[in-house]
Amino acid sequence: MASKKRLVSGIKPTGDLHLGNYFGAMRQFLDYQEEYESHLFIADYHALTTAYEPEKLRESIYRVAAGYIAIGIDPKKVTLYKQSDISEHSELAWVFNCITTMPFLMRAHAFKDAEAKNKEISVGTFDYPMLMAADILIYGADVVPVGKDQQQHIEIARDTAEKFNSRYGQTFKLPEALIREEVATVPGVDGQKMSKSYKNTIPLFGSKDEVANAVMGIVTDSDGEFPEYVYEIHKLFRGEDELKPLYGENKSNYKALKEALIADAEKVLSPMREKYNALLSDKAELEKTLVAGSEKVKELASEKMMDVRKKVGVSLN
Ligand code: TYM
């Protein structure tokens, strides 16, 4: 039997997971867990670019771990681990730093956005795409399922692989981004991309009331008949063939439509929420799962790094 292709992706442990994470990326992780040999990790070193409270960061790490499993990822089939447990990611990122130019990284959207907002930018934020390239390339990933906001990062990873290969000889495989068009950018309650930093999220594992409050806060146009932002989120939960008549019958009745969305969301979210809360009540078990996962991938990462050290000339034999 031909061996399975490899899938690699990660989530940053900053704040709570939301519907954008779930529909844009995590559903793909779930749908592909049989087809690919999957490596899913918690990008805790990436989180350090914005998360400065150690206790909160630790809690978020557990939450992402619980989140993966609560949506149906089976840790027996998929390797789950923490980025910081595999120090080779950061080591490889340093090597990539040395073959990458500043002007190249200055083209990254995340950097340009931060600069446009006159934010004080840490070197880690600037260098973010190199650690991400290392996360992906170190395992020879074939595919990287993500939302559209990560597309440029995958392109940067490909460019970095090509650059390294042309300088030192064939070493890294070029990965493909997997982006689902219909959920490439899940909108938040204000119609912009759902994002923790825009404070427009609907929590994936929030209580029924938290979800209901977020849904009630979806912005609607006071003189239109059709609440577009409600519909855009509703269609994540129910087929458009059913939604269209419902929205037709309830023109301008935003409250009824939001209530219908809350009920439809609850059907999908409540079993996952239950599992999530149960998982979080046993943190030692979550930790065991992450340690076991890191032990599985450590060898692959360390072999690749040995090869890289030889190729660049820092290893003496
Ligand atoms: P993060 O933690 O911001 O998001 C995790 C995943 O959720 C997707 N996503 C969305 N998709 C559609 N619509 C949205 N509104 C939406 N919001 C978030 C993201 O695209 C992502 O797939 N840099 C990454 C983490 C990372 C990573 C990696 C990913 C680090 N190394 C290597 C893949 C491969 C991030 O911050 O994702």
Side-chain angles (χ1 to χ4, degrees), residues 11-12 14-32 63 67 70-72 109-110 113 116-117 145-152 177-277:
I11 297 179
K12 219 165 31 176
T14 47
D16 286 322
L17 293 166
H18 54 72
L19 297 187
N21 299 129
Y22 179 64
F23 288 102
M26 297 171 83
R27 277 288 292 268
Q28 301 198 66
F29 305 163
L30 185 62
D31 295 345
Y32 293 136
R63 289 183 184 198
I71 66 157
H109 302 315
D113 290 350
K117 288 182 190 143
V146 284
K148 192 163 173 57
D149 60 348
Q150 299 299 318
Q151 184 169 22
Q152 191 191 32
L178 293 181
I179 297 173
R180 284 193 175 154
E181 205 178 322
E182 64 293 0
V183 283
T185 305
V186 173
V189 300
D190 57 358
Q192 289 190 80
K193 180 188 95 165
M194 187 177 288
S195 161
K196 292 162 226 175
S197 50
Y198 300 157
K199 301 196 169 29
N200 64 356
T201 59
I202 300 180
L204 178 58
F205 299 112
S207 66
K208 188 177 177 196
D209 283 350
E210 284 163 342
V211 172
N213 281 338
V215 168
M216 284 302 172
I218 299 176
V219 175
T220 46
D221 176 356
S222 55
D223 37 63
E225 291 186 336
F226 182 77
E228 194 190 333
Y229 300 158
V230 183
Y231 186 85
E232 287 302 312
I233 295 173
H234 210 158
K235 75 178 196 214
L236 300 167
F237 294 99
R238 217 204 289 192
E240 292 199 72
D241 46 337
E242 287 181 33
L243 281 189
K244 279 186 181 139
L246 179 74
Y247 279 64
E249 285 154 25
N250 286 284
K251 283 200 176 119
S252 307
N253 191 353
Y254 297 166
K255 188 161 176 279
L257 292 170
K258 284 180 172 177
E259 278 164 1
L261 165 55
I262 292 166
D264 287 336
E266 182 61 12
K267 278 186 225 141
V268 174
L269 302 181
S270 71
M272 296 197 289
R273 176 195 305 136
E274 236 171 77
K275 215 168 152 197
Y276 176 79
N277 289 333

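Just the heavy atoms: all of them, side chains too, but no hydrogens, waters or symmetry mates, feed the values below.
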Asks: Which distance, rounded to the nearest 0.5 Å, do you find between the CD of Gln152 and the NE2 of His109?
Replies: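 That separation rounds to 3.5 Å.
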Asks: Return the CE to CG distance between Met26 and Leu204, rounded to the nearest 0.5 Å.
Replies: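 Answer for the CE-CG pair, Met26 versus Leu204, is 6.0 Å.
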Asks: Return the minimal non-hydrogen interatomic distance between Ala25 and Val146, and the atom names on each side.
Replies: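 Heavy atoms of Ala25 and Val146 come nearest at CB-CA, 4.4 Å.
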Asks: How about Phe23 and Phe237: are their ring centres within less than 6.0 Å of each other?
Replies: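 They qualify: ring centres under 6.0 Å apart.
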Asks: For a quick test of reading the model, state the closest non-hydrogen atom pair linking Leu246 to Arg238 and the distance between them.
Replies: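 In terms of heavy atoms, the two residues are closest at CD2-NH2, 4.1 Å.
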Asks: Between atom CD1 of Ile179 and atom CD of Gln151, what is the distance when rounded to the nearest 0.5 Å?
Replies: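 If I round to the nearest 0.5 Å, the distance is 4.0 Å.
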Asks: Keeping Glu210 on the side-chain end and Pro203 on the backbone end, is there a donor-acceptor pair under 3.5 Å?
Replies: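 No, because the side chain of Glu210 does not come within donor-acceptor range (under 3.5 Å) of the backbone of Pro203.
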Asks: Applying side chain to side chain contact (heavy atoms under 4.5 Å, CB included), run through Tyr254 and Val230 and close with a yes or a no.
Replies: CA-CA 8 Å; Tyr254 297 166; Val230 183; 6.0 Å; no
Asks: Looking only at heavy atoms, which two atoms of Met272 and Ala70 are closest? And how far apart?
Replies: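 Minimum heavy-atom separation between Met272 and Ala70: O-CB, 3.7 Å.
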Asks: Can you check side chain to side chain contact (heavy atoms under 4.5 Å, CB included) on Tyr231 and Glu240, steps first, answer last?
Replies: CA-CA 9 Å; Tyr231 186 85; Glu240 292 199 72; 2.6 Å; yes
Asks: Mind checking whether Met216 and Glu259 have side chains closer than 4.5 Å, heavy atoms only?
Replies: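 Met216 vs Glu259: side chains touch.
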Asks: Got Arg27 and Val183 here, is their nearest side-chain heavy-atom distance under 4.5 Å?
Replies: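 Arg27 vs Val183: side chains apart.
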Asks: Just do the side chain to side chain contact (heavy atoms under 4.5 Å, CB included) check on Ile11 and Arg63 with the steps written out, would you?
Replies: CA-CA 11 Å; Ile11 297 179; Arg63 289 183 184 198; over 6 Å; no
Asks: Taking all non-hydrogen atoms of both residues into account, name the closest pair between Ile218 and Leu261 and its distance.
Replies: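 Where Ile218 meets Leu261 most closely, the heavy atoms are CD1-CD2, 3.8 Å.
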Asks: Determine the minimum heavy-atom distance between Asp190 and Tyr229, stating which atoms define it.
Replies: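 Heavy atoms only, the tightest pair is O-CE1, 3.5 Å.
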Asks: If I compare all heavy atoms of Asp16 with all of Tyr276, which pair ends up nearest, and what's the gap?
Replies: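 Taking every non-hydrogen atom into account, OD1-OH, 4.3 Å.
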Asks: What's the separation between atom NZ in Lys208 and atom CG in Asn213, rounded to the nearest 0.5 Å?
Replies: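 Atom-to-atom, Lys208:NZ and Asn213:CG are 12.0 Å apart.
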Asks: Glu266 vs Arg273, test: side chain to side chain contact (heavy atoms under 4.5 Å, CB included). Steps then yes/no.
Replies: CA-CA 10 Å; Glu266 182 61 12; Arg273 176 195 305 136; 2.8 Å; yes
Asks: Less than 4.5 Å apart, side chain to side chain, heavy atoms only: is that true for Asn253 and Lys255?
Replies: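 Side-chain contact under 4.5 Å: yes.
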Asks: Report the residues that fulfil side chain to side chain donor-acceptor pair (under 3.5 Å) with Asp31, sequence neighbours left out, ordered by chain and then residue number.
Replies: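 Asp31 satisfies side chain to side chain donor-acceptor pair (under 3.5 Å) with Arg180 only.
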Asks: Go through the structure and list residues passing salt bridge (Lys or Arg N to Asp or Glu O under 4.0 Å) with Glu274, not counting sequence neighbours.
Replies: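 For Glu274, no residue satisfies salt bridge (Lys or Arg N to Asp or Glu O under 4.0 Å) once neighbours in sequence are set aside.
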Asks: Within a strict 4.5 Å, meaning less than it, do heavy atoms of the Asn21 and Lys196 side chains meet?
Replies: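 In contact.
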Asks: Evaluate the side-chain proximity of Tyr247 to Leu257: yes if any heavy-atom separation is below 4.5 Å, no if none is.
Replies: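 They are in contact (side-chain heavy atoms under 4.5 Å apart), so the answer is yes.
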Asks: Would you indicate whether the side-chain heavy atoms of Lys244 and Lys235 approach each other to under 4.5 Å?
Replies: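 When only atoms from C-beta onward are counted, Lys244 and Lys235 do not touch, as no gap falls below 4.5 Å.
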Asks: Say you draw a straight line from CG of Leu178 to OH of Tyr32; how long is it, rounded to the nearest 0.5 Å?
Replies: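 So the CG of Leu178 and the OH of Tyr32 are separated by 5.0 Å.
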Asks: List for me each residue that meets side chain to side chain donor-acceptor pair (under 3.5 Å) alongside Glu228, sequence neighbours excluded, and say none if there are none.
Replies: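 Applying side chain to side chain donor-acceptor pair (under 3.5 Å) to Glu228 gives none.
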Asks: Is the backbone N or O of Thr185 less than 3.5 Å from a side-chain atom of Lys193, with the two atoms forming a donor-acceptor pair by type?
Replies: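 No; zero donor-acceptor contacts below 3.5 Å.
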Asks: So, the side chain of Glu232 versus the backbone of Pro187: is there a donor-acceptor pair under 3.5 Å, distance only?
Replies: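 Looks like no, no N/O pair under 3.5 Å.
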Asks: Answer yes or no: are there more than 12 heavy-atom neighbours, outside Lys275 itself, under 6.0 Å from its atom NZ?
Replies: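 Enclosed.
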Asks: About how many Å separate CG of Leu19 and CD1 of Ile202, when rounded to the nearest 0.5 Å?
Replies: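 Atom-to-atom, Ile202:CD1 and Leu19:CG are 5.0 Å apart.
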